[in-house]
Amino acid sequence: MNLSFKSHFSLTAVQAELEGDPRIQARALEVFGKREVMNSYLAQFVFGLIAIAGYFTGNQSLVVIGLIHCLVDQLVRRNLRIFSRTLAQGEIDRGHLRAIEHVFYGVGFAWAMASWPLAEALDGLRLLLTVVSVAGLLVMANTTCFAPRVFRASVIGFALGIAVAIPAIATIPWYVLGGATAAFLIVVQGVGAGTSRQLIHMLQMQVERDEAIEDRERTIAALESARRAATRLAETDNLTGLANRFLFMTKLDALIAGGEPFSLTLLDIDLFKNINDALGHAIGDESLKAIGAVLARSTERHCFAARLGGDEFGVIAPGGQAQERGADLMAWVKQGIDDLRATNRDIPAISITGGSAYFPGDARTRSDLLAAADMAQREAKKAKRGGHLDYSSSLTDIFRRENRIARGISQAIASRSLSLHFQPRINLMTGRVEGAEALSRFPDKAFPGHSLEEIFDVAENHGLGALLDELVLDVYREALVRLRDENSISLPISVNLSGAILKAPERLLAKLDMLIGEGLPPSLIRIEITENAIYGRGQTGVIELLDEIVELGFSLALDDFGTGSGTLRHLVNLPISEIKIDRSFVSGMLKDRNKSAIIGGLIVTGRDMGVDVVAEGVESEDEANRLRSMGAQFAQGYLWSRPLPISQFAEFVRLFGPAVRPTLSGAPRTAVARRSTFQPARRA
Ligand code: C2E
Ligand code: CA
Ligand code: CA
């Protein structure tokens, strides 16, 4: 108890405690510094007034005392400034603290010296000065008790001053004054230490609270930066570092909501698939990165660029003024790519085609705007690769038309109003029906004046392709079951699929599963796809999917052969069982020697590869005879029959079908069988 009392009022103990915790010490010194600066200004003001009073009353001692104090405060503040600066930098300049201490000793001494002549001259003033001294001592003790060393210095300095003044005070016996002063000093020191300690505890709490706050802020900052990193990841395209589709759409929405005019340009690499196929994916990536690098600089033009997926990029340019027209942007991008290629030989020659639409002139909603720009781009591609087209009113008709078709498709899907007609496939050698192709038919009024090709194209471009393909496969399944159960027809019948369902493998495989589930032999099911569906825009992993389908026992036909990029290399790479020669070759074959030469070549190639060749669109006996003489095996066309509704088709088969119902061995050979007899496929 005694001990704790002593240590509570011991300046040394307070000092030790302070120095034991650097955080508290720093905080104490900080508070001390601030307070002392204020006190010093106050003191300077008061002593300035005393000096002025001394001047007017002709009292030189007062003038001297006042001026000395002002000077002293100036010195103290200078040191405090330096001291605070070093403290703010995280270190403590003890030299300056020491200097402040010395100044306090000095003040005490100067005070004593100055009071000496005064004490002799005026008794009343002497008393007043003593009181002022004691008051100063109290103030000092109070303000400097954050820093016990300074406190101690001030106490000693002032005590010295008073002690020196004591003998001169004649009216009060020296021992009374001395004793009172000594007792007073002890009390001041004790109270000072006590206050210091309380303040230390207060500071301790403050420091802990601040640390807790800092801790929480650090945690929040860490969480925030993690969140930012996650959004960055979710919003950027890994390969190019540009924004991704998601962010692009968000930006588009924001701009549309803002109502300011802007242009939207879609860019697409021409024949990107070919770059990938011919030069490899690494080079393909290089070209994407090159475009990414150029587009990243489009911020200089205040544009916002993103990779929308595959080889497709989008750029938003604000303002929509002349200088931000899509054509200029395209020219700028092309120049940028040329510049990059000059320094980096890994980048292949890239041709890009672009289309732009303008808000609000061309369209007012996101989907319309995107569709408009997309349409402009597709039209640009049709006209000439590497070009650019602004969406225009002439495209509006196409746009409206497509939207109308898309609406019709949605309705057809919803009401499942689709049926299949069957065009018999003829064996040219026997003249008998040996199979058929299922072709979709919509109700007459659904799409007046629109071809099936157009309808399926629009479905794909409007994201309805896979749904439509699923519907086709459902109807196909029902038809095959009906032909089998009601008409005892089990012929190989092919069905057309678009590129869309190839992008949704699970959905396609699920439908194929359902076919098997009905007990329909996969060997009688042949899927017709075009080269474009396999190698077209945004198609990846298709060949793996086709392999899987063939593994399941289904077979594949390459439709419209010769109309796509049509390289024979594709034939070798794909697990197909059949090539369908496009009608455009057959229809002119009698007059055009090139066409008949191509057909002849294909027939030979097909035979060598063990792949069926089917000539499409045969309309005349002459064509049929020529094909037969060239060794063609299969054909279909109006010569024999138009695509027929299911009941008429069944009738046709009854009349012209094979004498004996085909068994599985009579079914088309599958790619798996072909592979074993033919060369190994060269596939990446
Ligand atoms: P395609 O697969 O090449 O189908 C052959 C088209 O040629 C059919 O037109 C058929 O009616 C027509 N055709 C057959 N023989 C002759 C002939 O001797 N002379 C002439 N001038 N034409 C003949 P259709 O049924 O209008 O189908 C057109 C295209 O629509 C198809 O071309 C195919 O690409 C697409 N299509 C049709 N049904 C489907 C389907 O269910 N799914 C998908 N994805 N596409 C389909
Ligand atoms: Ca077809
Ligand atoms: Ca075809």
Side-chain angles (χ1 to χ4, degrees), residues 405 409 412-413 416-426 433 435-442 444 446-447 449-462 464-480 492-504 507-508 511 525-534 536 555-564 576-590 612-624 627 634-646 648-649 652:
I405 295 175
I409 295 170
I413 292 172
R416 301 180 77 78
S417 43
L418 177 144
S419 61
L420 286 172
H421 282 194
F422 299 85
Q423 185 171 43
R425 178 212 295 206
I426 308 299
V433 184
E437 174 181 2
L439 291 153
S440 290
R441 294 291 179 266
F442 293 95
D444 286 345
F447 304 100
H450 298 297
S451 72
L452 274 175
E453 280 102 334
E454 191 179 6
I455 295 168
F456 279 94
D457 254 12
V458 171
E460 222 173 323
N461 292 330
H462 283 73
L464 297 165
L467 282 172
L468 190 54
D469 282 334
E470 283 177 319
L471 177 59
V472 168
L473 284 169
D474 284 342
V475 177
Y476 175 69
R477 189 186 65 242
E478 288 155 16
L480 290 193
I493 295 179
S494 61
V495 64
N496 295 281
L497 290 183
S498 73
I501 191 105
L502 299 181
K503 287 182 194 165
R507 290 164 68 179
L508 173 55
K511 289 294 175 200
I525 292 164
R526 186 162 282 190
I527 291 164
E528 297 194 10
I529 31 176
T530 61
E531 275 173 286
N532 201 33
I534 303 169
S555 62
L556 300 172
L558 196 57
D559 204 356
D560 300 348
F561 192 78
T563 58
I576 51 165
S577 308
E578 178 181 302
I579 303 168
K580 301 196 81 171
I581 303 174
D582 191 61
R583 197 174 68 227
S584 59
F585 288 95
V586 175
S587 63
M589 68 178 288
L590 295 178
D612 294 341
V613 175
V614 180
E616 285 189 301
V618 179
E619 294 186 351
S620 71
E621 260 330 321
D622 289 346
E623 284 166 356
L627 285 164
F634 300 103
Q636 59 187 77
Y638 292 174
L639 173 62
W640 297 281
S641 170
R642 289 181 176 258
L644 301 168
I646 188 160
Q648 289 177 30
F649 172 66
F652 192 93

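For this chain, numbers begin at 1 and follow the sequence in order. Not measured: the values here are computed from a predicted model. The figures here come from the full heavy-atom set of this structure, side chains too, leaving out hydrogens, waters and symmetry mates. Every number for a ligand or one of its atoms is a count from 1 in the order of the listing.
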Separation between CZ of Phe561 and CD1 of Ile576, rounded to the nearest 0.5 Å: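 If I round to the nearest 0.5 Å, the distance is 7.5 Å.
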Point-to-point distance, once rounded to the nearest 0.5 Å, from CG of Leu556 to CD1 of Ile579: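 Reported to 0.5 Å precision, the distance equals 12.5 Å.
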Relative to the Ca ion (ligand 2), which of the N, O or S atoms in [X] is the closest?
{"X": "Glu437", "value": "OE2"}
{"X": "Glu528", "value": "OE1"}
{"X": "Asp559", "value": "OD2"}

Does [X] have a non-hydrogen atom less than 4.0 Å from ligand 1?
{"X": "Lys580", "result": "no"}
{"X": "Glu437", "result": "yes"}
{"X": "Glu619", "result": "yes"}

Salt-bridge contact Lys511-Asp469 (side-chain N to carboxylate O under 4.0 Å):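 Answer for the salt bridge query: no.
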With a cut-off of 3.0 Å, does [X] put an N/O/S atom close enough to the Ca ion (ligand 2)?
{"X": "Glu616", "answer": "no"}
{"X": "Asp560", "answer": "no"}
{"X": "Ser494", "answer": "no"}

With heavy-atom distances below 4.5 Å as the criterion, would you say the side chains of [X] and [Y] are in contact?
{"X": "Ile529", "Y": "Asp559", "answer": "no"}
{"X": "Ile493", "Y": "Phe649", "answer": "yes"}
{"X": "Val495", "Y": "Ile527", "answer": "yes"}
{"X": "Leu473", "Y": "Leu508", "answer": "yes"}

Check against side chain to side chain donor-acceptor pair (under 3.5 Å), Ser584 and Asp582: CA-CA 5 Å; Ser584 59; Asp582 191 61; 2.7 Å; yes
Distance-only donor-acceptor check, side chains Ser419 and Arg441, under 3.5 Å: no
Ligand 1 versus [X]: contacting region, heavy-atom distance under 4.0 Å:
{"X": "Tyr638", "value": "both"}
{"X": "Asp559", "value": "side chain"}
{"X": "Glu616", "value": "side chain"}

Under 4.0 Å from a heavy atom of [X]: which atoms of ligand 1 are those, numbered in the order shown and with their elements?
{"X": "Pro643", "result": "11 (O)"}
{"X": "Gln423", "result": "14 (C), 15 (N)"}
{"X": "Leu452", "result": "24 (P), 25 (O), 26 (O), 27 (O), 28 (C), 30 (O), 37 (C)"}
{"X": "Val472", "result": "41 (O)"}
{"X": "Ser498", "result": "44 (N)"}
{"X": "Asp560", "result": "3 (O)"}

Identity of the nearest option to atom 29 (C) of ligand 1, non-hydrogen atoms only, from Arg642, Glu453, Gln636: Glu453
Geometric class of the Phe442/Phe447 ring pair [parallel <30°, tilted 30-60°, perpendicular >60°]: perpendicular
With a cut-off of 3.5 Å and sequence neighbours excluded, list every side-chain donor-acceptor pair involving residues 636-646.
unit_1 : atom_1 : unit_2 : atom_2 : d
Gln636 : OE1    : Lys580 : NZ     : 3.0
Gln636 : NE2    : Gln423 : OE1    : 2.8
Gln636 : NE2    : Glu437 : OE1    : 2.7

Partner residues of Ala459 under the side-chain contact (heavy atoms from CB on, under 4.5 Å) criterion, sequence neighbours left out: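 Partners of Ala459 under the side-chain contact (heavy atoms from CB on, under 4.5 Å) test: Ile409, Leu464, Leu468.
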